[in-house]
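Following: one structure in structure tokens, then a few remarks.
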Amino acid sequence: MHAYRTHTCGELKKQDVGAQVRVSGWVHRVRDHGGLLFIDVRDHYGLTQCVIEPENAEFAKAEAARAEWVVRVDGRVDARSGDTVNTNLPTGEVEVRIASLEVLSQAPELPLPVFGEPDYPEDIRLTYRFLDLRRETLHANIMKRADIIASIRRRMTDGGFFEFQTPILTASSPEGARDFLVPSRMHPGKFYALPQAPQQFKQLVMIAGFDRYFQIAPCFRDEDARADRSPGEFYQLDIEMSFVEQEDVFNAVEPVLRGLFEEFGGGHPVTQGFPRIPYWRSMRLYGCDKPDLRNPIEMSDASHHFRGSGFKIFASLLDKHDKGREWFDNAEVWAIPAKGGGSRAFCDRMNSWAQGEGQPGLGYIFFREGEGAGPIAKNLGETVTQQLRQELDLHDGDAVFFVAGVPKDFAEFAARARVKIGEDLELTATDRFEFCWIVDFPMFEWDEEEKKVEFSHNPFSMPQGGLEALETKDPLEILAWQYDIVCNGVELSSGAIRNHLPEIMNKAFEIAGYDRAVLEEKFGGMLRALTFGAPPHGGIAPGIDRIVMLLCGTENIREVTMFPMNQQAEDLLMGAPGEVSARQLRELHVRLNLPASEKE
RNA sequence: GGGGGUGUAGCUCAGUUUGGUUAGAGCGCUGGCCUGUCACGCCAGAGGCCGCGGGUUCGAGUCCCGUCACUCCCGCCA
């Protein structure tokens, strides 16, 4: 007989009745009836109820067993009588009649219980992560993550992609997030950096002729944490393809994500053809570039109704800012329709919410008995109010809210108002995955602080219109072959068709104010590669952690990460970051220069 | 770097508004009883620097100041 088990704890069924079996696992729960004692033995695969009576010589050992001890049980599989069958348990039709029980290892009183998994403080969960991981929900999340990654590998390989590894110790890159640095022992004063993403490597893989690359790639960025963002490290499904246009990338990636969400999304509907929404259209309809399309509300420009109208606040606002660039300098009034929000109570609640958000308020009209009500309607007049109502297809019992000002300043607030209205009125669906592509991102944007044009996303993206556009157009008008995938309001990934031509690269960096020497110094290797026959190529990099979060229905990344750090970027289980010995520092030619408060 | 929230038993929380006797409950833990439970049940018990430091007061879990920890957000995240 095997030293520890003939069956796992999730395996025994009715057809095993009568068999002599051996199972091993953790003591999940003990129920002591005095004359009868039940032990639920748990392993990765499930739970098996074991039972023993006081007449048994092994009873004392069984009685002493405590939660999370590891035990081995030998016994016979018995059928449970009709009224004692537990239908909640896959093994609930049988139980193991204990013949002998061995304690394989013990545990003291637990710092956090495994059974029942009540809420526990995160620092304790992280310090005792090995216990936390035994708990059903987290254990299942981690297994789901493993299944998702296996499925991704299968789908990518089936799609003709090859998985390659890229370096972990690499060079610091000039822009982007803060790097994690690793001092070099052999080169005093020099440092490696951990890659923020294998961006340049995957492009080099294309230039090297490997055609289709993917990797479950670790990425390292020394940035502060959020609930949905680990400090330090995360994973991307990194993808790059040669001889492709934007459409080819979409056709390769869309089925992978759709299939993944259909496989693991618990049967919730998944968008079939992902709609493509240009960046500026998304900003106008939703106020942001990662719209949650489960929310049906679309905003629209209602400025023409207010210009010169009796509602003086908006009318004068529109007058005052009516010269400069659209979006940046011109004032507008946006309408947010709210079907079913047509009561003074709801409108007032939204108004106080807006004030709590630091806004002066949130103007509204609500419709009842065939007419518009509220201060704005009064000042606007019945004719204009009815035009608005028809234009927005609103009826009695509906409302419309207004935000006014310069779009670049209020868009973010309008987006939050749209989300809140959708949720509060239960217009936003909850049981589906709504995907879209956001396309046509601007290549450059205006950096208000530095007073200069800056890359708005990836400096390696190909501008639409190529060199000619760079030479002839207003830089802020130029679009890039740059795209995002958004699901349920979560930005899952961004990608681009890359700039594979050195002269366009030079021009693009020139527009962003980097001279050729800087470009040469920072991206010399990349530039050199581009001069030796680079294929047109492009790719994308969906965030694995965020995909798993969506599929596990959690908003906290630590619920889908096996060994996460806390928000202060500490690993409480392993004790990282930690101090190192003087000898290690000497070898690395590093001397500490600690801030004053920590010197003592 | 900045802002908000929280901090009371091993854990989840009540008590703080309005300062006043011995700081409570549930879960967990320990012991006892219990032959069909599966969130077993019943009885008893242990367990508290009320985050820490200072202040106001006859008196502070409660009010004030500072500080620390955790958490959420902003900055940051090509």
Side-chain angles (χ1 to χ4, degrees), chain A residues 28-42 47-56 59 63-64 66-68 78 80-89 91-93 95 97 108-128 172-179 195-197 199-200 219-234 356-358 412 416 441 443-445 449 454-461 480 482 491 494-496 508-509 512 514 522-523 526 541 543 555-556 558 566-568 570 572 595 597:
Chain A
H28 189 62
R29 190 74 174 155
V30 179
R31 290 175 297 281
D32 185 353
H33 288 245
L36 187 68
L37 184 142
F38 299 99
I39 300 178
D40 291 337
V41 180
R42 183 196 73 240
L47 205 65
T48 294
Q49 172 168 288
C50 304
V51 60
I52 188 168
E53 278 123 1
E55 298 73 44
N56 193 310
F59 187 79
E63 206 178 20
R66 291 290 175 270
E68 298 308 304
D78 282 358
R80 298 205 205 175
S81 66
D83 54 336
T84 64
V85 164
N86 185 347
T87 50
N88 298 322
L89 222 53
T91 61
E93 287 191 294
E95 61 193 3
R97 181 76 39 175
E109 185 184 343
L110 302 173
L112 89 165
V114 173
F115 169 77
E117 48 180 329
D119 286 348
Y120 251 64
E122 211 155 64
D123 50 340
I124 292 177
R125 292 180 54 192
L126 294 179
T127 305
Y128 297 95
S172 176
S173 78
E175 24 53 68
R178 210 174 289 118
D179 283 317
Q196 297 187 17
Q199 178 63 35
Q200 292 191 60
C219 303
F220 305 91
R221 295 177 192 176
D222 187 2
E223 294 300 334
D224 290 346
R226 289 289 182 275
D228 64 349
R229 191 171 83 202
S230 286
E233 53 186 80
F234 60 95
E357 299 284 304
E412 187 254 349
R416 274 183 296 139
F441 278 85
M443 180 84 186
F444 301 100
E445 64 189 18
E449 286 190 8
E454 188 50 274
F455 288 111
S456 62
H457 280 77
N458 189 325
F460 301 121
S461 299
Q482 166 94 36
E491 181 192 321
S494 55
F509 274 81
Y514 299 93
K522 302 299 187 188
F523 301 106
M526 192 70 210
E555 297 191 346
N556 191 324
R558 292 184 286 274
N566 67 8
Q567 204 175 23
Q568 279 66 246
E570 298 164 311
L572 297 175
S597 58

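What's counted below: heavy atoms across the whole structure, side chains too, no hydrogens, waters or symmetry copies. So you know, we letter chains A, B, ... as the sequences are listed, proteins then strands, and number each from 1.
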Next item on the list: Look at the side-chain N and O atoms of A/Asn86 and state whether any lies under 4.0 Å from the OP1 or OP2 oxygen of B/rG36.
Entry: no
Check: Expressed in whole Å, how much space separates the C1' atoms belonging to B/rC65 and B/rC58?
Finding: 22 Å
Check: Below 4.0 angstrom from OP1 or OP2 of B/rC74, is there any side-chain N or O of A/Arg226?
Finding: yes
Margin query: Please report the distance separating the C1' of B/rC40 from the corresponding atom of B/rG28, rounded so that it comes out in whole Å.
Written below: 16 Å
Margin query: Checking contacts here: which listed nucleotide (B/rC11, B/rA78, B/rC38) is nearest the side-chain heavy atoms of A/Gln199?
Written below: B/rA78
Margin query: Does a side-chain N or O of A/Arg31 approach OP1 or OP2 of B/rC40 to a distance below 4.0 Å, or not?
Written below: yes
Note to self: At less than 4.0 Å, is any side-chain N or O atom of A/Arg229 found next to OP1 or OP2 of B/rC73? Yes or no.
What the structure shows: no
Notebook entry, point to check: Who is the Watson-Crick or G-U wobble partner of B/rU71, with both distances under 3.5 Å?
Noted result: B/rG4
Next item on the list: Pick the C1' atom in B/rG7 and in B/rU16, then give their distance to the nearest Å.
Entry: 13 Å
Next item on the list: Just name whichever nucleotide pairs with B/rA44, Watson-Crick or G-U, keeping both distances under 3.5 Å, else none.
Entry: B/rU30
Notebook entry, point to check: Taking N and O atoms by type only, does the side chain of A/Glu95 place a donor or acceptor under 3.5 Å from a partner on the base of B/rG36?
Noted result: yes
Notebook entry, point to check: With distance as the sole criterion, do the side chain of A/Asp224 and the base of B/rG75 form a donor-acceptor contact below 3.5 Å?
Noted result: yes
Next item on the list: For this output row, return yes or no: ring centroids of A/Phe234 and A/Phe220 closer than 6.0 angstrom.
Entry: no
Check: In terms of the angle between their ring planes, are A/Phe509 and A/Phe460 parallel, tilted or perpendicular, with boundaries placed at 30° and 60°?
Finding: tilted
Check: Can you tell me how far P in B/rA60 sits from the matching atom in B/rU56, rounded to whole Å?
Finding: 11 Å
Margin query: Please report the distance separating the C1' of B/rU8 from the corresponding atom of B/rG51, rounded so that it comes out in whole Å.
Written below: 10 Å
Notebook entry, point to check: Do we count A/His33 as stacking onto B/rC34 if the rule is ring centres under 5.5 Å and planes under 30°?
Noted result: no
Margin query: Can you tell me if A/Gln568 touches the phosphate of B/rC70, counting only side-chain N or O atoms and a distance under 4.0 Å to OP1 or OP2?
Written below: yes
Notebook entry, point to check: Within the pair A/Arg221 and B/rA78, is there a side-chain N or O less than 4.0 Å away from OP1 or OP2?
Noted result: yes
Next item on the list: Tell me whether the OP1 or OP2 atom of B/rC72 has a side-chain N or O from A/Gln567 closer than 4.0 Å.
Entry: yes
Notebook entry, point to check: Atom CG of A/Leu37 to atom P of B/rG32: distance rounded to whole Å?
Noted result: 13 Å
Notebook entry, point to check: Less than 3.5 Å between a donor and an acceptor, one on the side chain of A/Arg178 and one on the base of B/rG75, is that the case here?
Noted result: no
Notebook entry, point to check: Could one point to a donor on the side chain of A/Arg66 or the base of B/rC29 with an acceptor on the other under 3.5 Å away?
Noted result: no
Notebook entry, point to check: How far, in whole Å, is B/rC27 from B/rA44 if one measures between their P atoms?
Noted result: 13 Å
Margin query: Pair A/Gln49, A/Arg31 - check side chain to side chain donor-acceptor pair (under 3.5 Å), show working.
Written below: CA-CA 10 Å; A/Gln49 172 168 288; A/Arg31 290 175 297 281; 3.0 Å; yes
Margin query: Distance check, C1' atoms only: B/rA25 and B/rG48, in whole angstrom units.
Written below: 15 Å
